Amino acid sequence: MWRAGMSEEIGRALQSVCERVQHAVSRRPQALPSINPRLVAVSKTKPADMVIEAYKHGQRYFGENYVQELCEKASDTNILSSCPEIKWHFIGHLQKTHINKLVAVPNLHMMETVDSAKLADKVNSSWQKKGSSEKLKVMVQVKTSDEESKHGLAPGETVELVKHIKEKCPSLEFVGLMTIGSFGYDITQGPNPDFQLMLAQRQVVCEKLGLQLDMVELSMGMSNDFEHAIEFGSTNIRVGSTIFGERIYSKTEKSASSMVSTQDELANLSVK
Ligand SMILES: *Cc1c(COP(=O)(O)O)cnc(C)c1O
């Protein structure tokens with residue numbers, strides 16, 4: 001998988017994304033909490049070597065959407081020895097049978113995709129059993145668009161789930177709301193309604209539960225819309241292909257569980 005010049009390419013891509021992030025931050029309205037967005041480099045389908053290169057260029061947060069792949073990369077001996085400060089975000093749909101596996105992932109920093117009280121309870125008790133001294137940071141995934149393949153809970157249920165996590169899940173730390181949003185939204189048409197909905201969701205959660213706006217993060221924005229998302233107050237962007245290059249899915253690699261993402265992938269490509 002290794003090519004000459006790859007390290008420089010990743011370094012340049014990372015630097016360019018960081019510059020674009022800072023420009024977008026400077027365009028953000030003053031009324032929004034001035035939180036510097038965290039860049040999560042999404043390394044799915046990409047080899048451990050690329051993660052190590054990005055780490056060498058200063059990147060610390062990485063995201064994966066399949067438990068198995070996350071588990072393999074996070075446990076990779078080269079990553080473990082070369083990337084002591086790496087922080088992994090899980091950004092995929094979590095099947096209940098995989099919870100223990102996720103909880104055991106080394107350097108797991110955040111689970112961005114809690115979308116039901118049942119799942120929250122199970123992750124909570126699994127984390128509790130692990131006996132970690134720190135709580136596991138979690139976000140609640142909100143389904144902001146009607147696209148079939150998206151997981152996440154209906155916007156009307158957000159407050160209740162956040163309340164549940166805060167009151168009934170002592171091993172979890174609620175840190176924010178996450179959305180994938182519709183693919184290929186044309187921002188020349190005006191503000192992305194998914195992002196507007198997320199702002200409104202945060203407002204409601206804060207009002208109903210008495211939280212400060214700047215204590216509730218927003219995870220939104222990917223390669224094709226992270227600047228737009230930051231202008232709406234995103235505090236956590238998940239960028240893959242702009243850093244690591246386009247993903248290639250071969251037919252043989254495609255397992256039943258990766259079909260959802262592949263559909264997303266195709267939808268994404270067809271609008272470009
Ligand atoms: C793949 C993925 C991303 C990154 O997508 P890019 O378009 O490559 O930046 C972000 N978020 C989630 C949930 C993903 O699955």
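Indexing begins at 1, ligand by ligand and atom by atom, following the structure's order. Values in this document were obtained by computation on a predicted structure and should not be read as measured data.
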**Q** Report yes or no: do Phe174 and Ile35 belong to one cluster of Ile/Leu/Val/Met/Phe/Trp/Tyr joined by side chain heavy-atom distances under 4.5 Å?
**A**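 Per the 4.5 Å side-chain linkage, Phe174 and Ile35 are not co-clustered.
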
**Q** Number the atoms of ligand 1 from 1 as they appear, then name those within less than 4.0 Å of a heavy atom of Gly240, with their elements.
**A**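 Once the distances to Gly240 are compared, the set is 4 (C), 6 (P), 8 (O), 9 (O).
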
**Q** With a 4.0 Å cut-off, would you call Arg12 and Glu8 a salt bridge?
**A**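 Salt bridge between Arg12 and Glu8, a charged N being under 4.0 Å from a carboxylate O: no.
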
**Q** What class does the angle between the rings of Phe195 and His228 fall in, given that below 30° is parallel, 30 to 60° is tilted and above 60° is perpendicular?
**A**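 Judged by the thresholds at 30° and 60°, the geometry between Phe195 and His228 is tilted.
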
**Q** Not counting sequence neighbours, list each pair that qualifies as a salt bridge (Lys or Arg N to Asp or Glu O under 4.0 Å) and has a residue in residues 165-176.
**A**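 Applying salt bridge (Lys or Arg N to Asp or Glu O under 4.0 Å) to every pair that reaches into residues 165-176, excluding sequence neighbours, yields Lys137-Glu173, Lys163-Glu167.
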
**Q** Should we count NZ of Lys130 as having more than 12 external heavy atoms under 6.0 Å?
**A**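 Enclosed: over 12 neighbouring heavy atoms sit under 6.0 Å from NZ of Lys130.
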
**Q** Just to verify, which of Val204, Val205, Leu199 counts as forming a side-chain contact (heavy atoms from CB on, under 4.5 Å) with Arg202?
**A**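 Result: among Val204, Val205, Leu199, Leu199 is the only option passing the side-chain contact (heavy atoms from CB on, under 4.5 Å) with Arg202.
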
**Q** Between Asn224 and ligand 1, does any nitrogen or oxygen pair lie at a separation below 3.5 Å?
**A**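 Between Asn224 and ligand 1 (N or O atoms, distance only) the closest approach is not under 3.5 Å.
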
**Q** Which atoms of ligand 1 sit under 4.0 Å from any heavy atom of Val239?
**A**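 Close to Val239: 9 (O).
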
**Q** Could you list which atoms of ligand 1 come closer than 4.0 Å to a heavy atom of Ser223?
**A**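 Close to Ser223: 6 (P), 7 (O), 8 (O), 9 (O).
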
**Q** Considering only heavy atoms of Ser241, which atoms of ligand 1 have at least one such atom less than 4.0 Å away?
**A**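 Contacts of ligand 1 toward Ser241, numbered from 1: 6 (P), 7 (O), 8 (O), 9 (O).
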
**Q** Quick one: hydrophobic cluster around Tyr61, which other residues, with the 4.5 Å side-chain cut-off, linked directly or via members?
**A**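 In the cluster with Tyr61 are Val40.
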
**Q** Is it the side chain, the backbone, both or neither of Asn65 that has a heavy atom closer than 4.0 Å to ligand 1?
**A**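 Side chain only.
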
**Q** Would you mind listing which atoms of ligand 1 come within a distance below 4.0 Å of any non-hydrogen atom of Arg247?
**A**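 Once the distances to Arg247 are compared, the set is 1 (C), 5 (O), 6 (P), 8 (O).
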
**Q** Can a donor-acceptor pair be found between the side chains of Ser145 and Asp194 at a distance below 3.5 Å?
**A**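 No donor-acceptor contact under 3.5 Å links the two side chains.
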
**Q** Does Glu112 reach ligand 1, in the sense of a heavy atom lying below 4.0 Å from it?
**A**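 False for this residue.
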
**Q** Tell me whether Thr242 reaches ligand 1 (any heavy atom closer than 4.0 angstrom to a ligand atom).
**A**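 No, that is not the case, since the closest heavy atom of the residue is not under 4.0 Å from the ligand.
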
**Q** For atom 14 (C) of ligand 1, which of Lys44, Arg238, Met178 has the closest heavy atom?
**A**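 That would be Lys44.
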
**Q** Which of the atoms in ligand 1, numbered in the order shown and given with their element, are less than 4.0 Å from a heavy-atom of Ile91?
**A**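 Selected atoms, number and element: 11 (N), 12 (C), 13 (C), 14 (C).
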
